[in-house]
Amino acid sequence: MIIVRDPATTAKQLADGHHFGCPWDGCVGSLGPWGSARTRPVRLLGGGTDSYTPKRAICRACRRTQVVFPAVAFPRRADSVATVFKAIALAADGAGHRTVAARVGVPETTVRGWLRRARANAETIRRNATVA
């Protein structure tokens with residue numbers, strides 16, 4: 001899976017022949033366009049849903065495929081990045097998981113899971129935010 005800011009631009013660049021190296025270790029091939037992945041729903045901050053159909057890319061050498069995934073959503077998750085980050089920010093300001101769940105409009109158990117994972121990965125999150 002390749003996470004990009006602008007999937008439409010990346011898909012156009014793949015179609016136009018721009019060189020994107022294969023992410024697999026040891027492969028020196030380059031990626032080209034390869035159809036689409038399945039359509040995925042995403043719950044938006046404040047309610048409502050959106051859906052998107054990510055493009056696929058294939059390595060011309062090893063023939064492995066990759067999904068070109070937008071950075072606005074998490075892979076294999078139903079909620080947008082904005083929703084999860086809002087929940088973490090509210091919790092950092094002292095709100096409990098029930099209050100956060102009500103504010104962002106998702107189940108309490110979902111928010112509790114996000115907050116547990118955020119606490120467990122706090123150092124990695126801090127390091128990546130510092131680099132960014």
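All values derive from a computational prediction rather than experimental measurement.
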* Donor + acceptor pair across side chains of R43, T49 (<3.5 Å) -> no
* Step by step, work out the side chain to side chain contact (heavy atoms under 4.5 Å, CB included) result for F74 and V84. => CA-CA 9 Å; F74 288 107; V84 177; 3.5 Å; yes
* Is the number of heavy atoms from other residues, nucleotides or ligands under 6.0 Å of R103 CZ greater than 12? -> no
* V81 side chain reached by V72 side chain, heavy atoms, under 4.5 Å -> no
* Does a side-chain heavy-atom distance below 4.5 Å link R40 with P54? -> yes
* Find out if a path of hydrophobic residues (ILVMFWY) with successive side-chain heavy-atom gaps under 4.5 Å connects Y52 to V67. => yes
* To do: Answer yes or no: are there more than 12 heavy-atom neighbours, outside R5 itself, under 6.0 Å from its atom CZ?
  => no
* side chain to side chain contact (heavy atoms under 4.5 Å, CB included) partners for T53, two or more places apart -> S36, T39
* **Residues W34, R63; criterion side chain to side chain contact (heavy atoms under 4.5 Å, CB included); working and verdict** => CA-CA 10 Å; W34 189 257; R63 308 301 291 169; 3.9 Å; yes
* Side chains of I2 and L31: closer than 4.5 Å at any heavy-atom pair? -> yes
* Asked: Can you hop from V42 to I3 via hydrophobic side chains spaced under 4.5 Å?
  -> yes
* Not counting sequence neighbours, which residues clear side chain to side chain contact (heavy atoms under 4.5 Å, CB included) with L115? List them please. => I88, A91, H97, V111, R119
* Asked: With R98, which residues qualify under salt bridge (charged side-chain N to carboxylate O under 4.0 Å, His left out), at least two apart?
  -> E108
* side chain to side chain contact (heavy atoms under 4.5 Å, CB included) with R60: which residues, sequence neighbours excluded? -> S30, P33
* Structure fact -> Closest non-hydrogen contact found for A87 with V104 is N-CG1, 4.1 Å
* Ignoring hydrogens and geometry, is there a side-chain-to-backbone donor-acceptor pair from T110 to V106 under 3.5 Å? -> no
* Asked: Within 45° of the six-membered ring axis of W114 and under 6.0 Å from that ring's centre, is NZ or CZ of R77 located there?
  -> no
* Should L14 and V68 count as side-chain neighbours, where that means a heavy-atom distance under 4.5 Å? -> yes
* For the side chain of S51 and the backbone of P41, is there at least one donor-acceptor N/O pair under 3.5 Å apart? -> no
* Evaluate the side-chain proximity of M1 to R76: yes if any heavy-atom separation is below 4.5 Å, no if none is. => yes
* Less than 4.5 Å apart, any side-chain heavy atom of K86 and any of T83? -> no
* Asked: Has the side chain of T10 got a donor or acceptor atom that lies under 3.5 Å from a matching backbone atom of D6?
  -> yes
For residues 15-29, dump all side-chain donor-acceptor pairs below 3.5 Å to protein atoms at least two apart in sequence or in another chain.
residue, atom, partner, partner atom, Å
D16, OD2, K12, NZ, 2.8

* Of all residues at least two apart in sequence or in a different chain, which pass the side-chain hydrogen bond (donor to acceptor under 3.5 Å, both in side chains) check with N121? -> none
